[in-house]
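None of these values were measured; they are calculated from a predicted model. Side chains are part of it too, since the values below use all heavy atoms of this structure and drop only hydrogens, waters and symmetry mates. The chains referred to below are lettered A, B, ... by the order of the sequence lines, with proteins before strands, and numbering in each begins at 1.
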Amino acid sequence: MSDIVLLGDEAVALGAVHAGISAAYGYPGTPSTEILEFLIDYKTRHGAPHAAWCSNEKTAYEDALGVSFVGKRVLVTMKHVGLNVAADPFVNSGLLNIRGGLVLAVADDPGMHSSQNEQDSRFFAEFAKIICLEPRNQQETYEMTLEAFELSEKFHIPVMLRLVTRLAHSRAIVKVGAKRDENSLSKPEEKRGWMLLPATARQNYLDLLEKEKEMLAWAGDSARNPLENARGGKKYPLGIITSGLGRNYYDENLPELSSEIPRLHISAYPLPRNKIRTLAAACERIIVIEEGYPLIEEKLKGILEQDITISGKLDGTLPRTGELTPDAVRRALGLEARQLRSEPGMELPGRPPQLCQGCPHIDTYQAINEAIGDDSHAVVTSDIGCYALGALPPYRAIETIVCMGASIGMAKGAAEAGVQRVVATIGDSTFLHSGITSLVDAAAADTPMTVVILDNGTVGMTGGQETILPTSRVHRMIEGLEIDPAHIRSITPLKKNAEENRRIIAEEIDHPGLSVIVSIRECIETAKRDKKKAAQEGQA
Amino acid sequence: MKYDIILAGVGGQGTLSVAAIIASAALKQGLTVRQSEIHGMSQRGGAVVSHLRLSDGPIDSDLIPLAGGDLLLSMEPLEALRHISYLSPSGSLISAAEGVENIPVYPGMDKIREEILSQPGARIVDARSIARESGSLKAVNIVMIGAASESIPISRENFIAAIDERFRSKGEKVQEANRRAFELSLAEACGAGS
Ligand code: SF4
């Protein structure tokens, strides 16, 4: 055993190494990015396990399935909205006969610190009918990662490890153990468990429902779901159900709560119905303190037979949106608000993030704005990445931000609905993640629209991971779609090219067919970092 | 014993490295540490905040409750005001003097200073000039640590050890300048207190 300071994300990564993974895959997304960054760094230093970024979350999940198929342990990481992209293989994987442990670490972002929505991945685990573990601190994160691999191999299912921003990006000391050996290579003899033809899938689904019973029994007994203070025969006015970080905020307030309160903490799903019923039998009212959607709260009605008051997010005892906080939990428990200092007697303007000074996107957006002029009928769609900050003043260059890759499809839709001047803006990594298939559609239809790929050679938003393919190969890929070569153009977004860039974009917007403009200049943050690294290597 | 610090600043100022250095000094002191930070969108010149909790016992929540902070340490004056409600009535507030004016309408600096100084236990540190005096303009963050170190229950030796460790890879000269920035700022803070 040794003590190390780790981020929640890093605790997952090290837990996976110690569990004996052979590979790890993912797509960068805040707050999950540091898991794979740690593993890539680990691989650089130790040579193994294999760790790599993928084009998107779906390909990452499928790579992971391949590793598991041949008997080895594998970790796959993503953020909550990334799981939507991987949903197809993920949900199906519940029907597979997993033998090499497969763990999905997914980081939710309640409060939307850097996301488009707050969706709660626990619902996805339930949807796929698999086990979900929900740690509440770095130590549990490390231990539960190890346990998740065991459970995956025990029940032959993938296991989800659900994190939230506050855990993923918080640091604490973790006691860690030794590394287990990797599994040896072994293909399953019986292939039915890996083939989802209707006839076999039907059987596999029955198998999954059988396993579900075992999982329920396991969750009901698990020490990960401790029930405290509920002594039989006695009736308490209040009982508490906590999950995840909700327990931390409850404990934070505990010293000020006068009487003994029965409490069930849930960190292993499916829900432990037996313990929920025992708790309810001992209480008149239950408050559910959970981070994310009211999953437990909504399920209680179906589990409990008796009439009992259930409070939580649905009746407004806790806020419906945003992160949980110690103060929100304090209010829910009926504790008196603390005496605050006097607020400043002046208005405090917000300080939103913005494109770095000198960012190439600024020049591209200015050129697009000028090319479009004051044509309010024109449509400019955009996507997920640093360039989404172009929505804010002074640029106000874009009109839509929906999900990875939506810009090109939405532009196609707008053009087909009759808009004359349509521009889609998308980053190089987002393009490869899920814009490319929409470009295939647009190429097939020769849709009259202009796609501007903001190619900065990096995934800037998540801290500068390398784009999966370099600029030259992106170019060749676009050419391979047989779009009219006269309308595949490149520009360099620099002040000195402003007039030429404006002209090129204006020309292509007026072209009555599909055109693609690749705007190529490296992210200045990545460029700075590379320069520094080169200088250091030069010294050494 | 427990000691809760709210660290505020603007993306790119090094707020999170300040948190990391204090955390590592606390570990040398044998304390339990929890440090929570939000990044991602909050980089690129946006507001940044980190909650740093130190204790000689277990720590439950990553977040400090309202009015629970013992110290609000801000790298930027406007950001100091943003987090006042997290500071306990008896806590200390230390802010750097220089503003980061990267927003369209930045309020008047005089008004901001006045607001800060009207808070009990508040102090504004001219971190830039102390850093210059120490021989390294880059040592502004270490100056802020020095100014705060008097209030934090961590020994001077452990702070120095954490700072030395942080700059070890940068060579003896950089290490020396940062140590000096810490000492100078600590001396100034003690002078201000008497
Ligand atoms: S990180 Fe790079 S891409 Fe993102 S805003 Fe800064 S310069 Fe632009």
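- Contact annotation: the side chain of A:Ser170 approaches that of B:Arg34 to within less than 4.5 Å [non-hydrogen atoms, C-beta and beyond].
- Only the side chain of A:Asp327 comes within contact range of chain B, judged by heavy atoms closer than 4.5 Å.
- With 3.5 Å as the limit, one finds no donor-acceptor pair spanning the side chains of A:Arg341 and B:Ser85.
- Taking the side chain as every heavy atom from C-beta outward, B:Leu66 and A:Pro326 never approach each other to under 4.5 Å.
- Using a 4.5 Å cut-off on side-chain heavy atoms (C-beta onward), B:Pro104 and A:Pro393 make no contact.
- Proximity to chain A (any heavy atom under 4.5 Å) is restricted, for B:Ser90, to the backbone atoms N, CA, C and O.
- In this structure, the portion of A:Gln138 lying under 4.5 Å from any heavy atom of chain B is its side chain and not its backbone.
- Inter-residue side-chain proximity for B:Pro65 and A:Arg330 is flagged as unmet; no heavy-atom pair is nearer than 4.5 Å.
- With a threshold of 4.5 angstrom between heavy atoms, A:Thr165 approaches chain B through side-chain atoms but not through N, CA, C or O.
- You'll find the side chain of B:Val33 stays beyond 4.5 Å of the side chain of A:Ile173, heavy atoms only.
- The contact between A:Leu348 and chain B is made by backbone and side chain atoms together, counting heavy-atom distances below 4.5 Å.
- A salt bridge links A:Glu252 with B:Arg53; the closest basic N to acidic carboxylate O contact falls under 4.0 Å.
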Quick one: do B:Ser36 and A:Arg166 satisfy side-chain contact (heavy atoms from CB on, under 4.5 Å)? Show the steps, please.
-> CA-CA 7 Å; B:Ser36 152; A:Arg166 194 58 64 184; 2.6 Å; yes
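- Side chains of A:Gln354 and B:Arg44 form no contact here, defined as non-hydrogen atoms less than 4.5 Å apart.
- At a 4.5 Å heavy-atom cutoff, the contact between A:Val5 and chain B is made by side-chain atoms alone.
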Under the side-chain contact (heavy atoms from CB on, under 4.5 Å) rule, what do A:Met346 and B:Ile112 come out as? Steps first, then yes or no, please.
-> CA-CA 8 Å; A:Met346 60 188 285; B:Ile112 293 178; 3.7 Å; yes
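- Using a 4.5 Å cut-off between heavy atoms, A:Leu392 makes no contact with chain B at all.
- Under the 4.0 Å criterion applied to side-chain N and carboxylate O atoms, A:Arg171 and B:Glu37 are assigned as salt-bridge partners.
- Side-chain contact check for B:Asn102 versus A:Gln357: every heavy-atom pair is 4.5 Å or farther apart.
- Proximity to chain B (any heavy atom under 4.5 Å) is shown, for A:Ser342, by both the backbone and the side chain.
- We find that A:Arg351 and B:Glu76 are joined by a salt bridge, their nearest charged nitrogen and carboxylate oxygen being less than 4.0 Å apart.
- Contact annotation: the side chain of A:Tyr249 approaches that of B:Leu63 to within less than 4.5 Å [non-hydrogen atoms, C-beta and beyond].
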